[in-house]
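What follows is a set of notes on a single structure, which appears directly below.
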Amino acid sequence: MALTGRTALVSALGALVVGFALPSWLGILTVQLVLLLAILCDVALAAPVRKLHFTRSGDTSIRLTGEAHIHLTVTNPSRRPLRAQVRDAWPPSSFPPGDDIPASRHALSVPAGERRRLTTTLHPTRRGDHHAVRVTVRSYGPLGLAARQGNHHVPWTLRVLPPFASRKHLPAKLARLRELDGRTSILTRGEGTEFDSLRDYAPGDDTRSIDWRATARQQTVAVRTWRPERDRRILLVLETGRTSAGRVGDTPRLDASMDAALLLAALAARAGDRVDLLAYDRRIRASVQGRTSRDLLPALTDALAPLEPELVEADARGLAATIHRHATRRSLIVLFTGLDTAPMEEALLPLLPTLTQRNELIVAAVADPRIEELAAGRHTPQAVYAAAAAEQTRTARRHTADRLRRHGITVIDSTPAHLAPDLADAYLSLKATGRL
């Protein structure tokens with residue numbers, strides 16, 4: 001049983017009125033007895049909370065920047081009308097900061113034997129699975145002096161998917177892909193691409209493209225033209241160890257890597273390539289394999305939604321072995337990891353050359369734009385000190401990237417806003433040069 005603010009007000013007014021007619025102690029006792037009787041009657045006439053029935057419906061998944069509507073249907077099977085306050089509680093991250101309580105509370109009136117539907121609007125601030133906590137009902141009597149209160153567990157799960165902000169770059173990248181694919185007048189040449197047609201030799205053509213048999217059958221030198229291969233294998237590998245938990249601005253490095261992986265997957269699927277995904281730190285955290293181009297993006301976003309960084313050092317040997325097991329034929333391996341000197345050069349770098357023996361390898365890392373800002377500071381002694389530290393960090397990252405490139409590895413070290421388009425450009429460049 002819960003008392004309301006109206007109870008205290010009635011008690012005070014009653015004591016004031018009765019106090020003029022009766023001695024003070026007798027008046028207060030009389031008021032309290034009358035008030036207690038009114039409260040008991042009010043509670044007895046309130047609709048029972050335990051008998052209420054609840055069902056849910058509404059959205060089951062949205063993107064991080066979206067809005068979800070969760071419907072709660074309340075059925076009152078009793079013979080008394082329900083006048084209540086209902087709180088549909090969700091985790092705080094399901095609402096903008098400070099808005100969780102107002103957005104989840106509803107005033108409700110349900111006549112006896114009828115039902116009503118409430119709608120709670122969620123604006124999640126974190127991706128992943130959001131579970132309904134509980135439904136709290138406070139049922140008031142006709143006088144509003146007291147209420148019955150109880151909780152119900154009405155399960156519902158809302159999956160918040162990655163926002164895929166880099167989708168805006170997809171039309172431009174697809175236009176370039178169509179050019180490479182020969183749908184416009186541009187054809188590419190290079191080792192490892194699919195044969196397209198023959199044409200006459202022109203100065204500057206690679207002599208390795210000359211078709212000597214065709215040349216022998218005609219009076220001019222013939223060269224082969226090529227177009228990008230299809231059905232290539234691409235393995236996206238997200239390292240989910242402690243370095244992926246570092247925040248760049250308001251976004252964890254892992255989220256920026258996810259965004260770049262989604263753009264590359266969408267582009268490669270349109271190119272006819274097969275895309276698989278693997279998330280690993282000391283064990284496999286997520287895996288998507290063998291999906292068709294139509295099912296690929298939904299499967300990737302669903303697998304990435306609940307993925308969170310693990311605050312452990314990644315197992316480099318286990319990661320390399322897992323990649324070997326998944327890349328059973330020549331593939332493009334895109335490894336999303338950090339360029340921090342210690343974990344890269346001491347653990348992962350010695351193992352990467354084994355991956356490049358039969359695969360093309362891209363290392364994609366998230367750079368902090370704040371480092372560039374600090375490196376340019378000179379206006380105060382503190383800024384000079386920060387600039388020196390930032391320059392040291394930049395130098396270390398460049399040194400690590402250069403060591404990777406000497407092993408034939410493509411390195412993408414970009415800020416969160418540029419990582420996705422830069423990675424897509426690197427993929428298209430590999431297509432254009434015949435390395436994929």
Okay, side chain of [X], backbone of [Y]: is any donor-acceptor separation there less than 3.5 Å?
X: N76; Y: S78; result: yes
X: R117; Y: L72; result: no
X: T395; Y: E391; result: yes
X: N359; Y: L361; result: no
X: R138; Y: A84; result: no

Shortest non-hydrogen contact between [X] and [Y], atoms and distance:
X: F164; Y: A266; answer: CZ-CB, 4.4 Å
X: R148; Y: A47; answer: CD-O, 4.0 Å
X: T125; Y: P96; answer: CG2-CA, 4.2 Å
X: G408; Y: E360; answer: O-OE2, 4.2 Å
X: L267; Y: A424; answer: CD2-CB, 3.9 Å
X: G58; Y: W156; answer: O-CZ2, 3.6 Å

Would you say the side chain of [Y] lies within less than 4.5 Å of the side chain of [X], judging by non-hydrogen atoms?
X: I62; Y: E67; result: no
X: V137; Y: Q149; result: no
X: T240; Y: P309; result: no
X: M344; Y: D340; result: no
X: S331; Y: R232; result: no
X: L319; Y: L335; result: yes
X: T136; Y: H152; result: no
X: L108; Y: V74; result: yes

Taking atom [atom1] as the centre, does [X] end up with more than 12 heavy-atom neighbours from other residues, nucleotides or ligands that are less than 6.0 angstrom away?
X: R398; atom1: CZ; result: yes
X: R291; atom1: CZ; result: no
X: R115; atom1: CZ; result: no

Between [X] and [Y], does any side-chain donor sit less than 3.5 Å from a side-chain acceptor?
X: S57; Y: H71; answer: no
X: H69; Y: T119; answer: no
X: R325; Y: T322; answer: yes
X: T120; Y: D88; answer: yes
X: T415; Y: H418; answer: yes

Subject >> L428 vs L177, side chain to side chain contact (heavy atoms under 4.5 Å, CB included): CA-CA, chis, key distance, verdict >> reply: CA-CA 7 Å; L428 293 172; L177 177 65; 4.0 Å; yes
Point-to-point distance, once rounded to the nearest 0.5 Å, from [atom1] of [X] to [atom2] of [Y]:
X: H53; Y: T73; atom1: NE2; atom2: OG1; answer: 13.0 Å
X: S104; Y: L118; atom1: OG; atom2: CG; answer: 11.5 Å
X: L423; Y: S414; atom1: CG; atom2: OG; answer: 8.5 Å
X: R403; Y: L352; atom1: CZ; atom2: CG; answer: 10.5 Å
X: R397; Y: D402; atom1: CZ; atom2: CG; answer: 12.5 Å
X: L161; Y: L300; atom1: CG; atom2: CG; answer: 11.5 Å

**OP:** Going by the salt bridge (charged side-chain N to carboxylate O under 4.0 Å, His left out) test, name the single residue among R126, R127, R247 that passes it with D255.
**Re:** R127
**OP:** Kindly indicate, with the supporting measurements, whether the criterion salt bridge (charged side-chain N to carboxylate O under 4.0 Å, His left out) is fulfilled by E372 and R394.
**Re:** CA-CA 8 Å; E372 301 295 329; R394 287 199 307 182; 2.6 Å; yes
Closer than 4.0 angstrom, basic N to acidic O: yes or no for [X] and [Y]?
X: R242; Y: E310; value: no
X: D273; Y: R233; value: no
X: R274; Y: D276; value: yes
X: R176; Y: D425; value: yes

**OP:** Apply side chain to side chain contact (heavy atoms under 4.5 Å, CB included) to the pair L296 and S293, showing each step before the final yes or no.
**Re:** CA-CA 5 Å; L296 179 62; S293 58; 5.6 Å; no
Subject >> Verdict with reasoning, R159 to D129, per salt bridge (charged side-chain N to carboxylate O under 4.0 Å, His left out) >> reply: CA-CA 4 Å; R159 173 155 289 191; D129 290 336; 2.6 Å; yes
Original post:
Step by step, would you call I409 with I362 a side chain to side chain contact (heavy atoms under 4.5 Å, CB included)?
Top reply: CA-CA 6 Å; I409 300 170; I362 296 177; over 6 Å; no
Subject >> Test log, rule side chain to side chain donor-acceptor pair (under 3.5 Å), inputs D422 and Y427 >> reply: CA-CA 9 Å; D422 289 350; Y427 165 78; over 6 Å; no
**OP:** Would you sort out whether R134 and V154 count as a side chain to side chain contact (heavy atoms under 4.5 Å, CB included), showing the intermediate values?
**Re:** CA-CA 6 Å; R134 63 178 175 270; V154 189; over 6 Å; no
Subject >> Step-by-step salt bridge (charged side-chain N to carboxylate O under 4.0 Å, His left out) determination, D281 to R285 >> reply: CA-CA 8 Å; D281 43 71; R285 301 289 178 178; 2.8 Å; yes
**OP:** Could you tell me which residues satisfy side chain to side chain contact (heavy atoms under 4.5 Å, CB included) with A387, sequence neighbours excluded, listed by chain and number?
**Re:**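 Testing A387 for side chain to side chain contact (heavy atoms under 4.5 Å, CB included), a comparison that skips the adjacent residues, returns R378.
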